[in-house]
Amino acid sequence: MNSTGENSTGKSPDIWQEQFISSHIFLYVKKGILRFFDGDKTFTFKSGEYFIARKNRLARYIKERRTNEFDYVAFIYEEDFIKSFQDKYKIQEKDFYAADTFVRIKETKAIPYFIRSLEFYYNSLGNPNDAFRNVKYEELLIILLQNQPEFAGLFFDFGFPQKIDLEKFMNGNYRFNVSIERFAFLTGRSLSAFKRDFENTFKTSPGKWLVQKRLEEAHFLIEEKNQKASDIYLNLGFENLSHFSYAYKKRFGHSPSEVIDNKKKTSR
DNA sequence: CAGAGGTATTTCCAATGCGT
DNA sequence: ACGCATTGGAAATACCTCTG
């Protein structure tokens, strides 16, 4: 989710495909349902609800099965903006402990009001300029901090991710299709340190381990749960179906579709 | 299914840290 | 100041992924 910092409404696709959240994002659901997966839990937000997606986290948007109709307002808070905001208003950093990637905001009337004011201005002013956008970004941040002062600890945390337990992190996040470099960053290591530590704990290289791990799960889903390759390959972090089939065949001796064909034959 | 372009892995080296 | 260990980064190579 590394867009330019526009607050956007509608369906700009970039937010929904990127799995690494590089800046804090405020999201307000105007219509429909938004569902996310953070590697462990699923988060659901309905129309009228609002929350923050935290930076330096991995998450994936889950498409709704039936209708894909939704509308939202997003405010993407770049680090530079937050720094100058903090400078300007001299706000103290507080401790913020919640660990989740998605943080629900305590209910307040101020936010729906704020959203409505946006609609009014955007509809009557047309394309708003930078000054206007800046003011609105500040306004929302002020509302959020007034509503929950502890958010200061969330927004004004400019540090890098801490060095964390590799095994735990990788087992929770291997389904995300992000580069090794990103994994290294998220576990608080340089690329070199990451690979060294990885070799020590898993006894293989990161790339090989990831493919192996994903294929094992694919194998389970296909053989045991009768799922289709085309339904699962994206969720497991594979980028394209042809490579998935190729890798699958290389590992298990037969392609995913052959498994399904065989099942059909035997069940008949 | 091949070939081009891109990414991961390996290896090596320089910089830094740390105890003696 | 010295040797040794650890770290991050660059370059070369191997491997993977995408496109037609």
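Given the structure is predicted, the values throughout are model-derived calculations rather than measurements. Within every chain, numbering begins at 1; the chains are lettered A, B, ... in the order of the sequence lines, protein sequences first and strands thereafter.
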Taking only residues two or more places apart in sequence, or in another chain, which ones meet [X] in a side-chain contact (heavy atoms from CB on, under 4.5 Å)?
X: A:Val29; result: A:Leu34, A:Phe45, A:Phe51
X: A:Glu167; result: A:Asp165, A:Asn171, A:Phe202
X: A:Lys106; result: A:Asn147, A:Gln148
X: A:Lys41; result: A:Asp38, A:Phe43, A:Asp100

Nearest whole Å is fine: how far is [N] [atom2] from [X] [atom1]?
X: A:Asn177; N: C:dC16; atom1: CG; atom2: P; result: 15 Å
X: A:Leu191; N: B:dT9; atom1: CG; atom2: P; result: 9 Å
X: A:Glu199; N: B:dT11; atom1: CD; atom2: C1'; result: 13 Å
X: A:Leu215; N: C:dC16; atom1: CG; atom2: C1'; result: 13 Å
X: A:Phe185; N: C:dG8; atom1: CZ; atom2: C1'; result: 16 Å

**Report entry** Side-chain N,O (A:Ser192) to OP1/OP2 (C:dG8) below 4.0 Å
**Finding:** no
Requested in this report: Scan side-chain atoms only and decide if A:Thr44 and A:Arg35 contain a donor-acceptor pair under the 3.5 Å cut-off.
Outcome: yes
Query - DNA chain B: 5'-proximal contact among A:Trp209 and A:Arg196 (nearest heavy atom) - result: A:Trp209
Report summary line: Contacts satisfying salt bridge (Lys or Arg N to Asp or Glu O under 4.0 Å) that involve residues 79-88 of chain A (not counting sequence neighbours) are A:Lys55-A:Glu79, A:Glu79-A:Lys83, A:Lys88-A:Glu138
Which pairs, protein N/O on one side and nucleotides 3-8 of chain B N/O on the other, fall under 3.5 Å?
none

